[in-house]
There are 2 protein chains.
Amino acid sequence: MKIATWNVNSIRTRLEHVTQWLTDTSVDVLCLQETKVVDESFPRSPFTDLGYHVYIYGQKSYNGVALLSRTPLENVSMGFAPEVADVDADLEEQKRVIAADFQGYRIVNLYVPNGSSVGSDKYDYKLRWFKVLHRYLQSLLAAQPQVLVCGDFNIAPEDRDIHDPKGREKQVMATEAERQALQAIADLGFADAFRKFNQEDGQFSWWDYRAAAFRRDLGWRIDLHYLSPPLYERAIACTIDKAPRKLEKPSDHAPVTVELTDS
Amino acid sequence: MKIATWNVNSIRTRLEHVTQWLTDTSVDVLCLQETKVVDESFPRSPFTDLGYHVYIYGQKSYNGVALLSRTPLENVSMGFAPEVADVDADLEEQKRVIAADFQGYRIVNLYVPNGSSVGSDKYDYKLRWFKVLHRYLQSLLAAQPQVLVCGDFNIAPEDRDIHDPKGREKQVMATEAERQALQAIADLGFADAFRKFNQEDGQFSWWDYRAAAFRRDLGWRIDLHYLSPPLYERAIACTIDKAPRKLEKPSDHAPVTVELTDS
DNA sequence: GAAGCGGACG
DNA sequence: CGTCCGCTTC
């Protein structure tokens, strides 16, 4: 079983890249972020034509997440409700969370707020959002010990996940407060699937469009698969596919795939 | 000597087309319209690198004219002032006129208002603008009998300059009032250089982006060179180059070149 | 309806 | 650098 996460930076603009990649890789579930389209305008048929079931939670212009699956998914939920009560309205407005049951476990697909710059309102929003995510995942785990949380986390977990960790404390996606928020999630009982197989630094999933960052390999590893123990046991591979990032008009993110034993 | 006029519909978007065309054609002076950029952001160096001197009169988003010349130009003037006094402020606000001395004659580069639709405020603006243009050119001719006026006139002089003249009286760019305004300019002593050499109908310089107008050759001849008698005598060719209109992401206008004897 | 710009966001 | 949108123009 292969589960992939890919921030596509507009599903409409990246339609060809995504359908081609699905054809090439045959992943079982693809978790998309930054679809940037309202549900009525999501291009469903290119994916149903390939045999995928489509579950979407989108909005105009920004954010938006989706699940594509070769088999139907059960109990699809959008946003933090009803797992978490009393979520600030502004944290639920942005469409960043979609989850569903697949093969007896729960897949949670996240598009974590970027945070803009340290100390900005958006940075505060990101940290508030993580507090709610913590409660949300805590609630999920209480009901179901098998959880896979993936997506664009907009945080590099460690210094080896950044091309240049110098001065990182001032850099959004690398500050101590963000890493602590991420660690609090991990402490619920999640482990980073990629690091089960690969300890090297310089393994990136995102490269800024600016400053020829991809050509110079100035990237960050911010697209992650966090697995609860029973799934972490079953993980047999986790890979970043840089090929789509080399195409014309690419997303700034590469897809990341985790493979689990069938058990 | 070759003088060309080209409405490029954004010099920044069309930069490659224009530099390539200059390289291919080696015109002496290129008169640009709809540069759509403030002077500080005009891409000067691509043209200076090709050996052109650059004179610009631009504004944000709309309008904007420029002169590119292989040799330095003298007495460059922008707008109607100081030739015409007491011009309504709204007629000078839009950057549509740039002029300069070249080889002993004056080149006037115009971007005539489009006029939107008959009876609209913009249509009235266009006719008012022509009244000032008339005074402006009258003043120029009094000082200097050798004048070349070119640009996007947004008027087709005759029915043979329109793909379908039926119902043209209701069509902006072809109404009687507009043609009379244009004729009043001609009556100052200008003649249409193109018609010195070519009497055929269906000779167009502009094709709407809509309705596959270019493919179906549904165009208009609205990009003109008007020459005062001494220059008209010297004209030895006037041609519309449709090649750039066939490129990817073209301007909706083709460049029009007039050639004069060196005399 | 096609295409431009500017501004927000990343 | 590249997405989206609202706006304007033609």
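- Annotation: side-chain hydrogen bond (donor to acceptor under 3.5 Å, both in side chains) contacts of A/Tyr123 (sequence neighbours excluded): A/Thr175.
- For C/dC9, one of the phosphate oxygens OP1 or OP2 lies less than 4.0 angstrom from a side-chain nitrogen or oxygen of A/Lys122.
- Atom OG of B/Ser120 sits about 9.5 Å away from atom NZ of B/Lys126, to the nearest 0.5 Å.
- If you check C/dG6, C/dG4, C/dG10 against the side chain of A/Tyr209, the one that comes closest is C/dG10.
- For the side-chain hydrogen bond (donor to acceptor under 3.5 Å, both in side chains) criterion with A/Glu34, the lone passing option out of A/Tyr62, A/Trp6, A/Tyr111 is A/Tyr111.
- Using a 4.0 Å heavy-atom distance criterion, A/Trp206 is classed as making no nucleic acid contact.
- Within 4.0 Å (heavy atoms only), B/Tyr123 reaches no atom of the nucleic acid at all.
- Distance from the side chain of B/Arg14 is smallest for C/dG4 among the nucleotides C/dG10, C/dG4, D/dT3.
- Between A/Phe153 and A/Tyr226, a ring centre-to-centre spacing shorter than 6.0 Å is recorded.
- Look at CD on A/Glu248: it is 14 Å from C1' on D/dC1, rounded to the nearest Å.
- Between B/Ser10 and C/dC5, a side-chain N or O to OP1/OP2 separation shorter than 4.0 Å is present.
- In this model, the phosphate group of D/dC4 is approached by a side-chain N or O of A/Thr13 to a distance below 4.0 Å at OP1 or OP2.
- In this structure, B/Tyr62 and A/Lys249 both approach DNA chain D, and ranking their closest nucleotides by distance from the 5' end singles out A/Lys249.
- Note: CD (B/Gln59) to P (C/dG6) measures 11 Å, nearest angstrom.
- Contact check, B/Lys36 against C/dG6: no side-chain N or O comes under 4.0 Å of OP1 or OP2.
- Distance from the side chain of B/Asn9 is smallest for C/dG4 among the nucleotides C/dG10, C/dG4, D/dG6.
- The nearest whole Å value for the distance from the CD atom in A/Glu34 to the P atom in D/dG2 is 15 Å.
- Per the geometry, CD1 belonging to B/Ile222 stands 17 Å off P belonging to D/dT9, to the nearest Å.
- In this entry the distance linking CG of A/Asn7 with P of D/dT3 reads 13 Å, nearest Å.
- For the OP1/OP2 pair of C/dG4 and a distance below 4.0 Å, the side-chain nitrogens and oxygens of B/Arg12 include no atom meeting the criterion.
- For B/Glu16, the CD atom sits in a loose shell: 12 or fewer heavy atoms of surrounding residues, nucleotides or ligands are nearer than 6.0 Å.
- For C/dA3, the OP1/OP2 oxygens have no side-chain nitrogen or oxygen of B/Ser251 closer than 4.0 Å.
- Atom pair B/Gln33:CD and D/dC10:C1' shows a separation of 15 Å (rounding to whole Å applied).
- In this structure, the CG atom of B/Asn114 is 14 Å from the C1' atom of C/dG4, given to the nearest Å.
- In this structure, the CH2 atom of A/Trp6 is 14 Å from the P atom of D/dT3, given to the nearest Å.
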